[in-house]
J.: 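My questions will all concern the structure given below.
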Amino acid sequence: MNTTSWLNPLAALVLSPLLPGIINRTKAFFAGRRGQPLLQGYYDIAKLLHKGAVYSRTTSWIFRAGPVVGLAAVLMALVLLPLGGSAAPLNFTGDIILLAYLLGLMRFFTVIAALDTGSAFEGMGASREVQFSVLTEPALLLSLAAMGKAGQIGSGSRIEHLDNFLSLSGIYSNLSASVWMRNGTILLLVAGALLIVLLAESPRIPVDDPNTHLELTMIHEVMVLDHGGPDFAMILYGAALKLWVFSALLAGVLIPVRSAYWWLDAGAVIGGIFLLAVVIGVIESSMARLRLLRVPQLLTGAGVLSILAFALILWR
Amino acid sequence: MTGLTGSDVQGHLAVAVSPLRSVVLISGILLVLIALLAVMRSRLLAGRKVELSGTWDCGYARPTARMQYTASSFAQPLTNMFGVLLQTHRSLERPEGFFPTQAGLHTETGDIFRRNVYRPIFQSVERLLLWLHWLQQGRVQIYILYIAVTMLILLIWNL
């Protein structure tokens, strides 16, 4: 374990609330507005941390545990996440599954906290969240698996070594420009699938509109309607960190800079994460959200892209 | 017996054990982190106003437990999506007239494996065994006769 491996968790902890700010500034630019300050995410969290709380009478300890467990789970997910070529602070064979299920644990507690309020709105949001995650989870896992196999073939070394193929750090350290030259199609399919997964999990347009004011059409926002004060601060911070996790996964594929300097590799990925925030802003400015019945089709599309990538890499 | 040496077995076990060790470590850290965050939250809220109120109902005055999301409404998008496989049975009683007094919706998602695989198999086994039911007379004399006949047959077999 070296000190550089802790750079990603630290960068995420410090910089992730910037991402929503960048998205909102990009949207403001497209709409011809000045927009909110870039640091609005930090201001919101700081303000909420200084507030009291209001709880619904129908809620139990589950409702209070939701934000705490959610934030803890996404913090642990960060520790598994590699940055550039350097390995994550903790990595082992099969940690891709643990990553998926740490995020699953976060989602599970958000969902049961929402159901705990007894509100039909929040039940509706929880139900949709679970439906969509059924479709995004296989897309995420298959994309990572296809990427691992592509990197393994591309690097041409240690074919039999499982560590390289089944751990996030191994998968990402194998990626490089030469892998893109050889398996570009597969990585492009994977990037497409991961972009859809990122938009669905964040959750942004075209899957969910974070700015909507109508409870009936919300997904993520409606699940956290009844949270306030420090609880809501944890939820906002957790959501920013989750956005960072998925952006880092995608940026790691798109910008595999492998130079002699670790800070250049890491800087490229962090730059890529901020660039992705701009891209999300552009996507949100240029299209409306999909009808709820159409969303599963988009997510199935992500699944198909990842299955195609996986099939292509297996039959090479 | 299997032709493997001790070190071989240990090598293979290590492949399975080392990820498990990491999973345990990470789960441990996760639990500590949850406890720390919970303490931090209660520290923050100590001395501040923590109120109890109703669930946000969007201005609707009298929500009741009957309007709550039930298990089947929660699962409905998924049961719809996999409707081809699940074969949910749905019976709908529409409200009729201007002041409907009755309406209802009943859905039932059975276990397709129980219905299409296990039940037919076990039913045919049961039918087969019922066919042998005449053997079971309930009289001790007849059972002793069965034993005697069996032993006789075995004796002849061995001759």
J.: For each of A/Val68, A/Leu105, A/Leu80, tally heavy-atom pairs with chain B at distances under 4.5 Å, and name the one with the top tally.
T.: A/Val68
J.: Is the shortest heavy-atom distance from the side chain of A/Asp208 to the side chain of A/Phe132 under 4.5 Å?
T.: no
J.: Chain B heavy atoms under 4.5 Å from A/Leu49: which part of the residue, side chain, backbone, both or neither?
T.: both
J.: Between the side chains of A/Asn8 and A/Trp244, is a donor N or O closer than 3.5 angstrom to an acceptor N or O?
T.: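 Yes, because at least one side-chain N or O of A/Asn8 sits under 3.5 Å from a partner of the opposite role on A/Trp244.
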J.: Can you tell which part of A/Leu71 gets under 4.5 Å to a heavy atom of chain B, answering side chain, backbone, both or neither?
T.: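 It is both, since atoms from each part get that close.
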J.: Is there a donor in the side chain of B/Ser73 and an acceptor in the side chain of B/Thr70, or the other way round, less than 3.5 Å apart?
T.: yes
J.: Are there residues of residues 290-302 of chain A whose heavy atoms fall under 4.5 Å of chain B's heavy atoms? If so, which?
T.: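 If one takes a 4.5 Å heavy-atom cut-off, the residues of residues 290-302 of chain A near chain B are A/Pro296.
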J.: Answer with side chain, backbone, both or neither: which region of A/Tyr55 has an atom nearer than 4.5 Å to a non-hydrogen atom of chain B?
T.: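 Contact with chain B: backbone and side chain both.
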J.: Is A/Arg128 close to chain B through its backbone or its side chain, or both, or neither, when contacts mean heavy atoms under 4.5 Å?
T.: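 Looking at A/Arg128, nothing touches chain B.
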J.: Measuring only between side-chain heavy atoms, which start at C-beta, is A/Ser16 closer than 4.5 Å to A/Tyr237?
T.: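 Contact flag for A/Ser16/A/Tyr237 side chains = yes.
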J.: Of the backbone (N, CA, C, O) and the side chain (C-beta and beyond), which part of A/Met234 lies under 4.5 Å from a heavy atom of chain B, both, or neither?
T.: side chain
J.: Mind ranking B/Val23, B/Leu30, B/Val50 by heavy-atom pairs under 4.5 Å with chain A and telling me who comes out on top?
T.: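 Of the candidates given, the most pairs with chain A belong to B/Leu30.
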J.: Under the 3.5 angstrom rule, does the side chain of B/Thr107 hit a backbone N or O of B/Arg90 as a donor-acceptor pair?
T.: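 Judged by distance alone, no pair lies under 3.5 Å.
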J.: Kindly indicate whether the side chain of A/Leu249, heavy atoms from C-beta on, has any atom under 4.5 Å from the side chain of A/Leu168.
T.: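 A/Leu249 vs A/Leu168: side chains touch.
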J.: Sort A/Ile97 into side chain, backbone, both or neither according to what part of it lies under 4.5 angstrom from a heavy atom of chain B.
T.: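 When you check distances to chain B, no heavy atom of A/Ile97 falls under 4.5 Å.
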J.: Is it the side chain or the backbone of A/Val54 that comes within 4.5 Å of chain B heavy atoms, both, or neither?
T.: both
J.: I'd like to know if the side chain of A/Thr117 and the backbone of A/Ala113 have a donor-acceptor N/O pair within less than 3.5 Å.
T.: no
J.: Give, as side chain, backbone, both or neither, the part of B/Leu36 having an atom under 4.5 angstrom from any heavy atom of chain A.
T.: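 Neither; nothing under 4.5 Å.
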J.: Looking only at the side chains, is there a donor atom on one of A/Thr58 and B/Thr55 sitting less than 3.5 Å from an acceptor on the other?
T.: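 Side chains of A/Thr58 and B/Thr55: pair found under 3.5 Å.
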J.: Let's test your reading of the structure: which of A/Pro67, A/Gly118, A/Gly94 forms the most heavy-atom pairs below 4.5 Å with chain B?
T.: A/Gly118
J.: Out of B/Pro19, B/Gly47, B/Ser27, which one racks up the most heavy-atom pairs below 4.5 Å with chain A?
T.: B/Pro19
J.: Using atom types as modelled and distance alone, determine if a side-chain donor or acceptor of A/Asn174 lies under 3.5 Å from a backbone N or O of A/Gly148.
T.: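 A pair under 3.5 Å: no.
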J.: Heavy-atom pairs under 4.5 Å with chain B are the metric here; pick the option from A/Asn91, A/Leu102, A/Val134 that has the most.
T.: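 Answer, by heavy-atom pair count under 4.5 Å with chain B: A/Val134.
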J.: With sequence neighbours left out, what residues match A/His220 under ring pair (Phe, Tyr, Trp, His ring centres under 6.0 Å)?
T.: none
J.: With a 4.5 Å heavy-atom cut-off, do A/Phe63 and A/His227 have their side chains touching?
T.: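 Of all side-chain heavy-atom pairs linking A/His227 with A/Phe63, at least one is under 4.5 Å.
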J.: Can you tell me which of B/Met40, B/Lys49, B/Arg41, B/Met81 forms the most heavy-atom pairs within a distance under 4.5 Å of chain A?
T.: B/Arg41
J.: Looking at B/Ser53, B/Gly54, B/Ala75, B/Pro77, which one has more heavy-atom pairs under 4.5 Å with chain A than the rest?
T.: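 When all of B/Ser53, B/Gly54, B/Ala75, B/Pro77 are compared, B/Ser53 has the most.
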J.: Checking A/Ser169 side chain against A/Ala88 main chain: does a donor-acceptor pair fall under 3.5 Å?
T.: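 Yes, because the side chain of A/Ser169 sits within donor-acceptor range (under 3.5 Å) of the backbone of A/Ala88.
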J.: Side chain from CB out, backbone as N, CA, C, O: work out which of these in B/Leu45 comes under 4.5 Å of a heavy atom of chain A, or both, or neither.
T.: side chain
J.: Please classify the contact between B/Leu44 and chain A as side chain, backbone, both or neither, with a heavy-atom cut-off of under 4.5 Å.
T.: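 Just the side chain, heavy atoms under 4.5 Å.
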J.: Under 4.5 Å heavy-atom distance to chain B, tell me which part of A/Val111 shows up: side chain, backbone, both or neither.
T.: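 Side chain of A/Val111 only, per the 4.5 Å heavy-atom cut-off to chain B.
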J.: Quick one: does B/Arg21's side chain have a donor or acceptor within less than 3.5 Å of a partner on B/Val17's backbone?
T.: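 Such a contact is absent between B/Arg21 side chain and B/Val17 backbone.
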J.: Apply side chain to side chain contact (heavy atoms under 4.5 Å, CB included) to residues A/Tyr172 and A/Leu144 and explain how you reach the verdict.
T.: CA-CA 9 Å; A/Tyr172 277 91; A/Leu144 291 175; 4.1 Å; yes
J.: Please classify the contact of A/Asp231 with chain B as side chain, backbone, both or neither, using a heavy-atom distance under 4.5 Å.
T.: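 For A/Asp231, the side chain is the part near chain B, not the backbone.
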J.: Can you check whether A/Glu129 reaches A/Thr110 side chain to side chain, under 4.5 Å on heavy atoms?
T.: no
